[in-house]
2 protein chains.
Amino acid sequence: MTLSDKNYAFVMHCGEMGSRWGFNRTIGQMCGLLIITKEPMTANEIADALSISRGNVSMGIKELQSWRLIKVQHIPGDRKEYYAPAGTIWDMANRVFEERKKREIDPTLSLLRDNIIEQAHNDDERFAQQQMQEIHDLLETVTKWSAELQRLSPEQLQSLMKLGSGIGKVLDFKDKILKK
Amino acid sequence: MTLSDKNYAFVMHCGEMGSRWGFNRTIGQMCGLLIITKEPMTANEIADALSISRGNVSMGIKELQSWRLIKVQHIPGDRKEYYAPAGTIWDMANRVFEERKKREIDPTLSLLRDNIIEQAHNDDERFAQQQMQEIHDLLETVTKWSAELQRLSPEQLQSLMKLGSGIGKVLDFKDKILKK
DNA sequence: CATTAGTTTCATTGTTTATTGAAACTTAAA
DNA sequence: TTTAAGTTTCAATAAACAATGAAACTAATG
């Protein structure tokens, strides 16, 4: 099977964006390819479609699985493994988000905590600690907040997202009520 | 001036995280260094503190300026340029967020729009277009939403962030009111 | 306008990261 | 078991990316 020009362009774009999204070019391409392809694909089909080596595909699959972005499927009477996206677009975006938080925020949060609990020994360390405290508080807020969003039901999320510019009003309203 | 062990550890961590945050190691280190250093620093001081070449610092400064993360300061009677963070921690996080959106989301959104307005020519393209539409809608929602957050006053933001698990209740509450 | 302190540029070099493909592994079927 | 279809691994290689430092540039000062 060969990709149409438009689909090929999309897949290549995913490749170029790959590294910005947290993985590398090939993995970005694989992900894009599996998303726009209706039927699950074998590793060989992926290698052919993208003109890359079989070994590279194997590595990519491993990586995409570690991000929980793809799943394996089997077809009765066929020994090959077929790969497909592990959920809806929304699910996948969520996974990328979570995984990136784990890699980009959590390690820093942990370092900051370790540093902040220690006693500062001079002015430089004192100032540095204040700054680290600020970063820490910010990251912690973001972390809590994103956990909160994950906990909302899809309907609530929908409702929140649609709120858009209404969010300000709802907040003001809530504040008024609380003041009573 | 030489860094204390603890401050050095923080700066090195920023370096290691650098590439995950969107820039490279050296630039991460520079950013961390300027954040925990009370006084603005010259390019030479930065180079010394991090043991990197003067040229590398110059490149890094340019990059950090393009992210709007640092600003130049001048000291009367001194010809050197002094560098310092361009705002509060919160400001900087915001800038990184904006900049990354510009690099990670906007180009994709634009490609998807171009693709979606065209007529699909066969089943493969039709299915691919549906998927692209989903990605498009998701990214657009995220984009609008983040623009919305930027528009809120700091107080409203504070209020929203502190809401935490209360967000669900506020939403339900809002829905009830709307139904009347 | 010549000097000099300070900054930027960029070709070269060094480092890191990604890819290949052949060999090793796994497992279903004969 | 043996065979063969399918998959994974990993040393070697290729490609991408980052860092250096000497030369070019800029602009304040005498």
Side-chain angles (χ1 to χ4, degrees), chain A residues 11-34 39-67 70-84 100 103-104, chain B residues 11-34 40-67 70-84 103-104:
Chain A
V11 170
M12 288 303 118
H13 175 87
C14 290
E16 278 150 42
M17 284 291 134
S19 54
R20 310 205 161 176
W21 280 95
F23 15 81
N24 68 34
R25 188 177 58 231
T26 311
I27 292 177
Q29 290 173 354
M30 289 177 57
C31 193
L33 177 65
L34 289 174
E39 302 301 325
M41 298 180 80
T42 64
N44 277 320
E45 285 169 348
I46 296 171
D48 286 352
L50 302 176
S51 312
I52 57 177
S53 75
R54 190 50 238 283
N56 201 357
V57 172
S58 183
M59 308 262 235
I61 286 168
K62 219 168 63 173
E63 180 78 3
L64 283 171
Q65 279 172 330
S66 88
W67 285 72
I70 61 172
K71 63 181 174 195
V72 189
Q73 286 186 341
H74 285 277
I75 294 186
D78 187 338
R79 235 164 106 182
K80 292 191 280 300
E81 317 221 83
Y82 286 78
Y83 300 95
R100 286 179 71 172
R103 299 173 187 214
E104 298 173 6
Chain B
V11 170
M12 290 301 118
H13 175 87
C14 291
E16 277 150 41
M17 284 292 133
S19 55
R20 310 205 159 178
W21 279 96
F23 15 79
N24 68 34
R25 191 177 58 230
T26 311
I27 291 175
Q29 290 174 352
M30 288 177 56
C31 192
L33 178 64
L34 289 174
M41 297 179 80
T42 65
N44 277 319
E45 286 170 347
I46 296 172
D48 286 352
L50 302 176
S51 311
I52 59 177
S53 75
R54 193 44 240 284
N56 202 357
V57 172
S58 182
M59 309 260 237
I61 286 169
K62 218 168 63 175
E63 180 78 3
L64 283 171
Q65 279 172 331
S66 89
W67 285 73
I70 60 172
K71 64 180 174 196
V72 189
Q73 288 187 339
H74 284 279
I75 293 185
D78 188 339
R79 240 163 103 180
K80 293 190 280 297
E81 316 222 82
Y82 286 78
Y83 300 95
R103 299 171 187 214
E104 299 174 5

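Below, chains carry the letters A, B, ... as their sequence lines are ordered, and counting in each starts from 1.
- Not a single side chain to side chain contact (heavy atoms under 4.5 Å, CB included) links K62(B) to another residue, sequence neighbours left out.
- In this structure, R20(B) contributes its side chain and R103(A) its backbone to a donor-acceptor pair below 3.5 Å.
- The CD1 atom of I46(B) sits 4.5 Å away from the CE atom of M30(B) when rounded to the nearest 0.5 Å.
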Distance-only check: which donor-acceptor pairs under 3.5 Å involve side-chain atoms of residues 47-59 of chain A, not counting sequence neighbours?
residue	atom	partner	partner atom	Å
S53(A)	OG	N56(A)	N	3.1

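- Comparing the axis of the opening five pairs of the helix from dC1(C)-dG30(D) to dA30(C)-dT1(D) with that of the closing five pairs yields an angle of 10°, rounded to 10°.
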* Structure fact -> Scoring nucleotides 5-13 of chain D by protein non-hydrogen atoms under 4.0 Å (B base, S sugar-phosphate only, - none) yields BSBBBB---
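- Here E39(A) pairs with nothing under the salt bridge (Lys or Arg N to Asp or Glu O under 4.0 Å) rule; sequence neighbours left out.
- Taking all atoms of both residues into account, the shortest heavy-atom contact from V11(A) to G32(A) is CG2-C, 4.3 Å.
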Taking distance alone, no hydrogens or angles, what donor-acceptor pairs closer than 3.5 Å link side-chain atoms of residues 21-29 of chain A to residues at least two apart or in another chain?
residue	atom	partner	partner atom	Å
W21(A)	NE1	E104(B)	O	3.3
N24(A)	OD1	T26(A)	N	3.2
N24(A)	OD1	I27(A)	N	3.1

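- In this entry the distance linking CD1 of I75(B) with C1' of dA5(C) reads 16 Å, nearest Å.
- For K71(A), there are no salt bridge (Lys or Arg N to Asp or Glu O under 4.0 Å) partners at least two apart in sequence or on another chain.
- Residues of residues 11-27 of chain A that place a heavy atom closer than 4.0 Å to DNA chain C, in numerical order, are N24(A), R25(A), T26(A).
- Among residues two or more places apart in sequence or in another chain, the side chain to side chain contact (heavy atoms under 4.5 Å, CB included) test is passed with Q65(A) by I61(A), I70(A), V72(A), Y83(A).
- At whole-Å resolution of the value, NE2 in H74(A) and C1' in dT26(C) are 13 Å apart.
- Distance CE (M30(A)) to C1' (dA18(C)): 14 Å, rounded to an integer number of Å.
- Here T42(A) pairs with N44(A), E45(A), K80(A), Y82(A) under the side chain to side chain contact (heavy atoms under 4.5 Å, CB included) rule; sequence neighbours left out.
- Atom C1' of nucleotide dT20(C) and atom CD1 of I46(A) are separated by 17 Å, given to the nearest angstrom.
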